[in-house]
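The block underneath contains the structure these notes are about, expressed in structure tokens.
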Amino acid sequence: MHIVIIGNGIAGITTARHLRKLDPDVRISVISAETEHFFSRTALMYIYMGHMKYEHTKPYEDHFWAKNRIELINKHVSRLDPDSKAVVFSDDSRMLYDKLVLATGSASNRFGWPGQYLDGVQGLYSYQDLLTLEQWSAGLKHAVIVGGGLIGIELVEMLHSRHIPVTFLVREKSFWDGVMPAEESRMVNEEIRRNGVDLRLSSELKEILSDEHGRARAVVTTDGEEIACQFVGLTAGVHPRIELADGTAIETGRGFLVDEYLETSVKDIYAAGDCAELRQSIPGRSTIEAVWYTGKHMGPVLAQSLLGEPTAYQQKTWFNSAKFMDIEWQTYGFFPKDPQEDEAHLIWVHPDGKKSVRIVYDTSSQAVKGFNLMGVRYRGEICLHWIDSATPIQTVLENLSLANFDPEFYRQHEADIIQQFNQQSGLNVKLKSKRSLSGVFAYFGK
Amino acid sequence: MQIEKSLSLANPSPRNLTPGHKIGLSIVGLGLVLLLIALFGGLRSHVGLFLALALSSLAVGGITYAWFEYMNKPEGIKNNGVWHFGESSRGTIGWVFGVVITLFYIALYWFPEWLGQGSAGAGNSGMVALFDPLSILLKGQPASQWFVYGTFYTLAILVLGVKFIWKYRHNRYQQIRTFSVMFFQLGFAFLIPEILSSLNNTASFSDIPYNDFKNMWPLNYYFFDDYNIKAMLSPGSGNLGLSMLIWGLAMVFVVSPFLTYFFGKRWYCSWVCGCGGLAETAGDPFRQLSDKSLKAWKFERWMIHGVLLFAVLMTVAVIYSFYQKNGNESFWISKDMFIWGTVTLLLGIAAAVFFMRERFKHIKKDVRFLIVGLIVTTAGVIAINYLSGAKHVMFVESYPLRKWYGFFIGVTFSGVIGVGFYPLLGSRVWCRFGCPMAGLLGLQQRFFSRFRITTNGDQCISCGNCSTYCEMGIDVRSYAQKGQNIVRASCVGCGICAAVCPRGVLRLENGPNTDESRMESI
Ligand SMILES: Cc1cc2nc3c(=O)[nH]c(=O)nc-3n(C[C@H](O)[C@H](O)[C@H](O)COP(=O)(O)OP(=O)(O)OC[C@H]3O[C@@H](n4cnc5c(N)ncnc54)[C@H](O)[C@@H]3O)c2cc1C
Ligand code: SF4
Ligand code: SF4
């Protein structure tokens with residue numbers, strides 16, 4: 001059997017690796033137009049900032065692929081021919097498959113702004129974007145970044161690391177406040193400003209102006225303000241890359257629509273990662289989750305299905321993490337940013353304004369539903385266990401030290417958090433356990 | 001890939017040298033110029049004053065630079081431009097640094113007269129003479145090239161330690177362990193030995209051997225040498241010598257196994273040791289240059305365990321010939337007791353590991369290697385016993401053997417390559433490939449220790465920061481992205497992987513010493 005995978009990102013590569021793990025004989029081909037080898041897209045920023053070189057972002061050494069007999073094809077697929085079970089490359093050559101996996105990822109959004117295709121205007125998604133960014137950075141005097149999401153703030157930090165003055169246009173009233181609760185969002189605003197970045201909230205892009213050579217020279221905001229710049233970063237989100245569905249019977253929504261076995265509407269064609277849209281998601285959760293972990297979780301399941309053991313993909317309890325300049329963020333559990341009916345938020349903010357812990361729980365059942373952590377690390381296994389087993393807030397607080405995952409000797413704040421809870425609730429919860437790995441094992445009865 | 005070329009298009013990471021930085025560098029420059037003038041025979045009067053000026057310039061300048069580099073920026077990870085700047089990415093400046101430090105080591109070991117070391121009764125000249133006043137102050141004798149080296153070494157750890165503490169001022173683990181290496185270097189490696197030897201001029205002592213109380217066999221490979229043992233037992237050292245011997249043995253057989261069990265080898269390698277101390281402070285800008293490839297790891301395992309095997313056999317041989325020369329029964333234990341005691345110890349460990357092999361399900365291969373290694377060592381010890389005569393050990397003369405070890409491992413590897421090549425091979429080349437102590441502690445860490453680096457569930461995004469900044473060349477990411485813990489013999493527990501991880505995935509922890517709990521996340 002020949003399984004062809006289009007896309008060598010985390011989704012495609014995890015699938016390929018697990019295929020090989022499960023079956024020593026299946027022929028595996030992975031196609032990508034972007035880079036020859038799998039690299040970590042999430043590390044693009046670190047290459048630009050000089051923390052790493054491209055080679056450091058490759059999770060496997062180059063000899064790994066031949067050793068595991070995973071064929072790598074560095075070409076662009078221009079279309080699919082499902083009737084003859086073939087992919088067609090842009091040089092018109094073809095490759096036959098028995099089963100096909102679409103793991104084509106995402107592309108940056110451009111919302112039809114005038115001037116969005118000028119020189120010096122780009123998103124940040126691919127390795128090629130990094131190369132052009134490098135090119136536009138030469139002699140750059142001022143940059144404007146549009147879009148207050150995770151990639152936007154990364155791009156801001158990147159340029160800032162090279163001492164390039166940046167204006168950050170954020171449409172919302174506060175950074176990423178569609179997702180982040182108010183306190184945390186405000187904390188990020190402050191962090192951005194602390195670093196000397198010109199953050200403009202409630203500011204929208206209207207158009208980008210060109211100089212005589214077709215390069216961006218300024219942006220105009222919807223307030224009519226003109227900001228001179230030679231580079232514009234467009235980071236207003238991403239969308240699945242589904243152009244390969246054109247001319248085929250593959251059903252699409254925003255992404256390739258897939259059932260619980262990650263199969264598309266066309267037999268033997270599957271999709272995974274950013275580009276896959278679940279026909280049905282867990283209530284409240286998105287049908288497209290464009291994060292690293294989606295590909296990582298879909299890959300192993302898909303590999304089994306491909307080898308004839310249909311296995312359903314189930315969204316795991318939500319978790320995510322990011323870093324806003326110097327403030328780390330971790331979140332466990334899925335919850336709306338504002339308390340719903342029957343929900344309470346315990347929120348503790350460190351006096352220095354760079355750390356906070358938010359615990360969301362149900363007021364009637366007392367069950368803990370989620371954690372939102374800024375500048376503090378918590379242990380995933382234990383937070384997710386508490387959420388999955390609907391542990392009451394009091395039990396969680398009593399054992400909160402077990403969740404602390406900060407490095408040794410860091411000051412611990414669990415006692416302060418509990419004090420805050422006691423003040424608000426009038427209860428008298430006491431910290432029972434100390435931070436210790438053995439304590440965690442004991443808690444899990446191991 | 002055309003990356004390097006395209007990256008050179010822009011001026012990546014222009015340096016932001018503030019006037020403060022420049023002042024700091026100029027003061028350092030002044031200190032270096034004074035040292036150079038002394039090296040070429042200048043500064044013959046007011047020597048003490050000039051020495052104080054030179055050393056304080058290095059210190060004040062270095063600390064000033066560090067202040068402007070870190071203290072007026074927000075707290076956080078400071079790796080911007082590391083792979084753009086020449087000194088930290090094997091660029092031209094890196095090579096220049098490498099050559100200069102290497103030359104210094106060559107002079108130090110083989111041509112001390114270049115530095116001004118007086119020989120055949122003549123007084124010091126050049127740079128060594130500049131250090132006479134400090135040496136006389138501390139121990140009442142003129143300086144030697146080793147005193148000069150010790151002073152530079154200590155100064156580097158102190159000044160660059162302050163720099164490191166400021167660089168990681170958001171991270172208490174980094175601060176405390178750096179303070180610890182600074183303390184041990186200044187107190188244990190520098191002041192105490194010098195002060196002890198100054199006691200030799202007093203009435204009660206005449207012959208106290210040089211001793212760094214934190215330096216442990218087998219790193220301290222001369223500990224069991226004829227001259228050292230004799231010196232420690234000599235009446236002129238009072239009870240001090242004997243206590244050194246007892247402490248030295250206790251370190252190897254009691255203190256170290258105990259601490260390594262509870263905390264991993266980090267208690268020594270990145271909290272106490274002087275080589276580690278220099279690597280963590282002066283070597284910090286170069287930690288990312290370590291080789292992360294699988295090939296390097298394979299090489300490392302043969303190399304370091306080979307050195308350990310050699311160091312053990314050499315020590316046995318040296319002690320053996322000590323008995324041959326001084327009579328078999330003259331000390332606490334006889335020669336036969338020593339040889340067969342060693343054999344029993346080695347085989348005992350092998351047997352214990354063999355019977356506990358069920359515990360080590362995840363690391364079966366390592367268990368096999370360990371047992372084979374112990375048996376080979378035992379065979380070596382027995383061979384020494386039967387194939388050696390009064391002067392030779394297994395047909396080789398034992399003292400030349402030891403001298404060659406000293407030359408290749410003790411000097412060339414630990415000094416010239418270990419430190420001289422910081423800017424080319426990274427800061428822990430010696431610790432990773434050549435240190436017998438690290439080999440020994442590493443074995444214990446792998447099999448009998450509560451230490452591991454825990455991986456936080458699925459949070460890893462495979463970015464590679466952890467692997468890149470691991471000075472021991474451990475591919476931390478390869479474990480973290482699979483959700484596995486890191487239990488590697490070579491890990492010195494510096495904690496930098498955990499510090500640079502942007503997703504909070506890694507934590508250095510001590511927990512139950514069971515195979516399952518150490519290898520897999522919860
Ligand atoms: C700058 C940045 C930072 C991020 N940081 C985080 C983070 O911190 N945490 C997190 O969870 N997520 C993060 N993400 C999102 C995460 O990287 C993506 O969700 C993930 O990489 C998607 O993986 P994938 O395998 O689905 O697709 P991709 O990684 O996009 O891989 C798809 C591959 O397919 C190739 N391809 C597509 N079409 C064709 C074709 N027709 N022919 C040939 N090749 C084709 C593409 O070129 C690409 O190489 C970040 C994304 C970016 C851009
Ligand atoms: S694995 Fe981490 S703690 Fe261990 S040596 Fe490497 S960077 Fe240091
Ligand atoms: S630094 Fe953290 S996120 Fe990056 S690869 Fe290492 S463990 Fe994973």
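All chains are named by letter (A, B, ...) in the order of the sequence lines, taking the proteins before the strands, and each is independently numbered beginning at 1. What's counted below: heavy atoms across the whole structure, side chains too, no hydrogens, waters or symmetry copies. These numbers were taken from a predicted model, which means no experiment stands behind them.
With a 4.5 Å cut-off on non-hydrogen atoms, H56(A) touches chain B through its backbone and its side chain both. In this structure, chain B has no heavy atom under 4.5 Å from any part of V291(A). With a 4.5 angstrom heavy-atom cutoff, L508(B) touches chain A via backbone and side-chain atoms both. Residue Y60(A) touches chain B through its side chain alone, counting heavy-atom pairs closer than 4.5 Å. Heavy atoms of R177(B) lying under 4.5 Å from chain A are absent altogether. Using a 4.5 Å cut-off between heavy atoms, E381(A) touches chain B through backbone and side chain atoms alike. Of the two parts of S517(B), the backbone and the side chain both hold a non-hydrogen atom closer than 4.5 Å to a non-hydrogen atom of chain A. In this structure, chain B has no heavy atom under 4.5 Å from any part of F324(A). T514(B) does not touch chain A: none of its heavy atoms, backbone or side chain, sits under 4.5 Å away. Using a 4.5 Å cut-off between heavy atoms, V505(B) contacts chain A through its backbone alone, with no side-chain atom that close.
Counting only heavy atoms from C-beta outward, the side chains of N79(B) and M49(A) never approach each other to under 4.5 Å. In this structure, N465(B) and H51(A) have side chains that are in contact, with non-hydrogen atoms separated by less than 4.5 Å. No side-chain heavy atom of Y378(A) sits under 4.5 Å from any side-chain heavy atom of N456(B). Residues I77(B) and K323(A) have side chains in contact (heavy-atom distance under 4.5 Å, counting atoms from C-beta outward).
The local environment of CZ in F444(A) is crowded, with over 12 non-hydrogen atoms from other residues, nucleotides or ligands closer than 6.0 Å. More than 12 non-hydrogen atoms from other residues, nucleotides or ligands lie less than 6.0 angstrom from OH of Y443(A).
D458(B) and H297(A) share a side-chain donor-acceptor pair at under 3.5 Å.
Minimum interatomic distance between T468(B) and M52(A) (heavy atoms only, all atoms of both residues): OG1-SD, 3.3 Å. Annotation for L437(A) and N510(B): closest pair CB-O, 3.9 Å, computed over non-hydrogen atoms. Heavy-atom minimum distance, S321(A) versus Q459(B): OG-OE1, 2.9 Å. Minimum interatomic distance between G50(A) and Y469(B) (heavy atoms only, all atoms of both residues): O-OH, 4.4 Å. Annotation for N195(A) and P74(B): closest pair OD1-CG, 3.6 Å, computed over non-hydrogen atoms. Residues R377(A) and L506(B) come closest through the heavy atom pair NH1-O, 3.8 Å.
Between chain A and the options R450(B), E516(B), E75(B), K292(B), the largest number of non-hydrogen pairs under 4.5 Å is found for E75(B). Between chain A and the options V82(B), N171(B), D475(B), the largest number of non-hydrogen pairs under 4.5 Å is found for N171(B). Ranking S88(B), G504(B), G511(B) against chain A, the residue ahead of the rest is G504(B), based on heavy-atom pairs under 4.5 Å. Options E328(A), K446(A), K296(A) differ in how many heavy-atom pairs under 4.5 Å they form with chain B, and the most are formed by K296(A). Among K316(A), M325(A), R411(A), R194(A), the residue with the largest count of heavy-atom pairs under 4.5 Å with chain B is R411(A). With chain B as the partner, the residue from L384(A), I327(A), N320(A) showing the most heavy-atom pairs under 4.5 Å is N320(A).
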* Asked: Would S89(B) and K53(A) satisfy side-chain contact (heavy atoms from CB on, under 4.5 Å), going step by step from the backbone distance to the final call?
  -> CA-CA 10 Å; S89(B) 64; K53(A) 298 214 272 186; over 6 Å; no
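Separation of atoms OG1 (T454(B)) and CZ (F405(A)) is listed at 5.5 Å; rounding is to 0.5 Å. Taken to the nearest 0.5 Å, the CG atom of D406(A) stands 11.5 Å off from the CZ atom of R172(B). Once rounded to the nearest 0.5 Å, the distance linking OH of Y293(A) with SG of C460(B) reads 8.0 Å. The structure places CG of D326(A) at 11.5 Å from NZ of K73(B), a figure rounded to the nearest 0.5 Å.
Using a distance-only test at 3.5 Å, with no hydrogens or angles considered, no donor-acceptor pair links the side chain of N80(B) to the main chain of R162(A). With hydrogens and angles ignored, the 3.5 Å screen pairs no side-chain donor or acceptor of S161(A) with any backbone N or O of G81(B). E61(A) contributes a side-chain N or O that, together with a main-chain N or O of L294(B), makes up a donor-acceptor pair within less than 3.5 Å. When atom types are taken as modelled, the side chain of R477(B) and the backbone of K58(A) share a donor-acceptor pair closer than 3.5 angstrom. In terms of modelled atom types and a separation under 3.5 Å, the side chain of Y410(A) and the main chain of H170(B) share a donor-acceptor contact. No donor-acceptor pair closer than 3.5 Å links the side chain of S462(B) to the backbone N or O of P59(A). For the pair E408(A) (side chain) and E509(B) (backbone), a donor-acceptor distance under 3.5 Å is absent.
Ring geometry for F409(A) versus Y173(B): interplanar angle under 30°, hence parallel rather than tilted (30 to 60°).
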